[in-house]
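Computed over heavy atoms, backbone and side chain alike; hydrogens, waters and symmetry mates excluded. Note that the coordinates shown come from a computational prediction; the quantities given were computed from them, not determined experimentally.
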Amino acid sequence: LRATLAAVQRSERRTVSLRVTTRIFLLLVVGTFALIATGCGRDEEEGTPAATGGETSAEQVSGSIEVDGSSTVGPLVTAAAEQFQGEQPGVQVTVGISGTGGGFERFCAGETDISNASRPIKDDEEAPLCQQNGVEYTELQVATDALTVVTNKENDWADCLTTDQLKKIWEPAAEGKVKNWNQVDPSFPDQKLSLAGAGTDSGTFDYFTDEINGEEGASRSDYSASEDDNVIVQGVGGERGGLGYFGFSYYEENQDTLKALAIDNGDGCIEPSVETAQDGSYTPLARPLFVYAKKEALAKPAVEAFVT
């Protein structure tokens with residue numbers, strides 16, 4: 001783990017300040033075994049690497065692999081890439097973080113081999129673009145994430161929010177109106193509400209707005225938005241009244257400045273964790289994470305071995 005962490009921090013493409021922990025590896029491993037246990041769906045029928053024995057990685061291969069997309073999935077794939085390159089020094093894996101939407105844009109243009117995504121590809125938008133450009137792909141679920149709502153560490157008044165309260169904060173009608181914590185709950189103090197969250201190119205934005213506001217993309221816009229979750233970490237951590245949301249692993253690595261809130265969807269307050277995401281109790285913010293592999297790229301031994 002120490003070696004992997006050091007390698008991640010040396011990334012030439014983009015610095016990912018998130019440290020890779022044992023829990024992140026656990027997420028990846030559990031997700032992978034869950035995928036194998038379910039037989040991989042259509043991928044098994046297509047004979048993709050997910051349905052093979054993964055024996056390719058035992059042979060020495062070479063080449064380069066270009067990956068881009070979700071900032072939530074990025075650290076998982078970066079960790080996998082560093083481990084893989086330790087076994088396959090002849091392969092260079094470059095992982096970018098442009099957001100799920102930005103990743104699909106590059107992927108469907110044929111610029112990348114693998115696209116990381118915190119939501120499925122859009123059938124009415126991105127999938128047709130891939131088809132138009134002749135990019136065929138395989139979808140693989142690699143993990144389950146707890147999309148986490150966080151506050152500043154100094155917040156001593158809120159430990160749990162209901163989904164209705166989250167909607168009250170984030171719905172489009174709240175723009176310019178809900179600006180203080182005591183507007184969310186009268187028992188909360190007279191403290192300015194400083195919001196930070198996912199940008200519109202992020203799959204996290206799509207998922208959160210759909211589940212909380214009832215419509216994908218429906219959100220107030222007067223907040224600090226970024227596809228880079230580290231920017232959201234800094235925004236919430238720097239404001240006493242800060243509130244934001246992103247993947248669970250970013251909270252895990254920044255617990256010195258952030259506090260995770262439990263979420264009440266009508267059945268009581270459930271805290272985000274690896275366990276509550278995996279057992280399905282953390283609703284509605286537990287979500288699947290994906291990688292999409294270009295079939296043309298899978299014909300290359302290096303890409304096949306990495307994806308396997």
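- Relative orientation of the Phe208 and Tyr245 rings is parallel, given thresholds of 30° and 60° on the angle between their planes.
- Side chains of Pro120 and Phe290 form a contact here, defined as non-hydrogen atoms less than 4.5 Å apart.
- Nearest heavy-atom pair across Lys177 and Gln183 is O-NE2, 2.8 Å.
- When all heavy atoms of Gly247 and Thr72 are compared, the pair lying nearest together is CA-CG2, 4.1 Å.
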**Asked** Do Thr276 and Glu271 pass the side chain to side chain donor-acceptor pair (under 3.5 Å) test, and can you show the C-alpha distance, the side-chain angles, and the key distance before you say yes or no?
**Response** CA-CA 7 Å; Thr276 58; Glu271 296 183 359; over 6 Å; no
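- Within the 3.5 Å criterion, the main-chain N or O of Ser115 finds no donor-acceptor partner in the side chain of Thr112.
- In this view, Glu105 satisfies the side chain to side chain donor-acceptor pair (under 3.5 Å) rule with no residue, not counting sequence neighbours.
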**Asked** Given the rule in the side chain to side chain contact (heavy atoms under 4.5 Å, CB included) test, do Glu216 and Tyr207 qualify, once you have shown the distances and angles that lead to the verdict?
**Response** CA-CA 7 Å; Glu216 186 177 298; Tyr207 190 90; over 6 Å; no
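- Under the 4.5 Å side-chain heavy-atom criterion for grouping Ile, Leu, Val, Met, Phe, Trp and Tyr, Leu195 is not connected to Tyr250 through any hydrophobic cluster.
- Of all heavy-atom pairs between Ala302 and Ser62, the closest is CB-O, 3.5 Å.
- Tracing side-chain contacts under 4.5 Å through hydrophobic residues (I, L, V, M, F, W, Y), one never reaches Val231 starting from Val95; they form parts of separate clusters.
- A donor-acceptor pair under 3.5 Å is absent between the side-chain atoms of Ser202 and the main chain of Thr200, judged by distance alone.
- In this structure, Asp256 places its CG atom where more than 12 heavy-atom neighbours from other residues, nucleotides or ligands lie under 6.0 Å away.
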**Request:** Evaluate the criterion side chain to side chain donor-acceptor pair (under 3.5 Å) for residue pair Ser98 and Asp68; output intermediate values, then yes/no.
**Result:** CA-CA 7 Å; Ser98 63; Asp68 202 348; 3.1 Å; yes
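- Here the side chains of Lys295 and Val135 are not in contact, with every heavy-atom distance at 4.5 Å or above.
- Residues Leu243 and Trp181 have side chains in contact (heavy-atom distance under 4.5 Å, counting atoms from C-beta outward).
- Phe84 is listed as a side-chain neighbour of Val91, based on a closest heavy-atom distance under 4.5 Å.
- Side-chain contact between Lys294 and Cys130 is absent, with no heavy atoms from C-beta onward closer than 4.5 Å.
- Hydrophobic clustering (side-chain heavy atoms under 4.5 Å, transitive across Ile, Leu, Val, Met, Phe, Trp, Tyr) keeps Val149 apart from Val233.
- Residues Gly280 and Thr283 share a closest heavy-atom pair of O-CG2, 3.2 Å.
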**Item:** Criterion salt bridge (Lys or Arg N to Asp or Glu O under 4.0 Å) on Asp222 and Lys179, from CA distance to verdict
**Value:** CA-CA 10 Å; Asp222 57 339; Lys179 300 184 290 184; over 6 Å; no
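- Salt bridge status for Glu239 with Lys192: absent, with no side-chain N to carboxylate O gap under 4.0 Å.
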**Message:** Evaluate Val77 against Phe306 for side chain to side chain contact (heavy atoms under 4.5 Å, CB included), listing each step before the verdict.
**Reply:** CA-CA 10 Å; Val77 175; Phe306 178 59; 4.0 Å; yes
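- Here the CG atom belonging to Asn254 is positioned 9.0 Å from the CD atom belonging to Gln234, to the nearest 0.5 angstrom.
- A donor atom on one side chain and an acceptor atom on the other are found under 3.5 Å apart for Ser281 and Asp279.
- Although no hydrogens or angles enter the test, the distance criterion places a donor-acceptor pair under 3.5 Å between the side chain of Asp145 and the main chain of Phe248.
- With no hydrogens or angles considered, a side-chain donor-acceptor pair links Asp229 and Ser71 at under 3.5 Å.
- Using a 3.5 Å distance cut-off with no hydrogens or angles, the side chains of Ser226 and Asp228 do not pair a donor with an acceptor.
- Counting non-hydrogen atoms of other residues, nucleotides and ligands closer than 6.0 Å to CD of Glu111 gives a total above 12.
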**Asked** Does the side chain to side chain contact (heavy atoms under 4.5 Å, CB included) test come out yes or no for Asn116 and Val67, once each step is laid out?
**Response** CA-CA 7 Å; Asn116 300 328; Val67 188; 3.4 Å; yes
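- Between the Asn155 side chain and the Thr151 main chain, no donor and acceptor come within less than 3.5 Å of each other.
- The shortest side-chain heavy-atom distance between Ile65 and Thr94 does not fall under the 4.5 Å cut-off.
- Expressed to the nearest 0.5 Å, how far CD of Glu211 lies from CD1 of Ile263 amounts to 12.5 Å.
- A donor-acceptor contact shorter than 3.5 Å is absent between the side chain of Gln141 and the backbone of Pro288.
- Remark: Phe104 CZ to Arg106 CZ distance equals 13.5 Å, nearest 0.5 Å.
- In this structure, Val236 and Val150 have side chains that are in contact, with non-hydrogen atoms separated by less than 4.5 Å.
- Salt bridge Arg119/Asp210: absent, no basic N to carboxylate O contact under 4.0 Å.
- Although no hydrogens or angles enter the test, the distance criterion places a donor-acceptor pair under 3.5 Å between the side chain of Gln85 and the main chain of Val93.
- Of the possible polar contacts, one joining the Asp264 side chain to the Gly268 backbone as a donor-acceptor pair under 3.5 Å is found.
- The hydrophobic cluster containing Val184 also contains Tyr223, counting ILVMFWY residues as joined when their side-chain heavy atoms lie under 4.5 angstrom apart, directly or transitively.
- Remark: side-chain polar atoms of Asp201 are not paired, donor with acceptor, to backbone N or O of Gly101 under 3.5 angstrom.
- The heavy-atom pair separating Tyr292 from Glu139 by the smallest distance is OH-OE1, 2.5 Å.
- Nearest heavy atoms, Ala174 versus Ile169: CB-O, 3.4 Å.
- For the pair Glu66 (side chain) and Asp113 (backbone), a donor-acceptor distance under 3.5 Å is absent.
- A donor-acceptor contact under 3.5 angstrom links the side chains of Ser118 and Thr100, judged on distance only.
- Taking CG of Leu166 as the reference point, atom NZ of Lys168 lies at 12.0 Å (rounded to 0.5 Å).
- Between the CD atom of Gln83 and the OG1 atom of Thr78 there is a distance of 12.0 Å, given to the nearest 0.5 Å.
- Both Leu261 and Val178 are part of a single hydrophobic cluster, where members link through side-chain heavy atoms under 4.5 Å apart.
- In this structure, the separation between CG on Leu147 and CG on Leu289 is 9.5 Å, given to the nearest 0.5 Å.
- Inter-residue side-chain proximity for Gln255 and Glu252 is flagged as met; some heavy-atom pair is nearer than 4.5 Å.
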**Item:** Trace of the side chain to side chain contact (heavy atoms under 4.5 Å, CB included) decision for Asn213 with Trp170
**Value:** CA-CA 7 Å; Asn213 295 336; Trp170 287 100; 4.0 Å; yes
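- Between the side chain of Thr209 and the backbone N or O of Phe205, at least one donor-acceptor pair lies under 3.5 Å.
- The environment of Lys167 atom NZ is sparse: at most 12 non-hydrogen atoms of other residues, nucleotides or ligands sit within 6.0 angstrom.
- A donor atom on one side chain and an acceptor atom on the other are found under 3.5 Å apart for Thr204 and Arg287.
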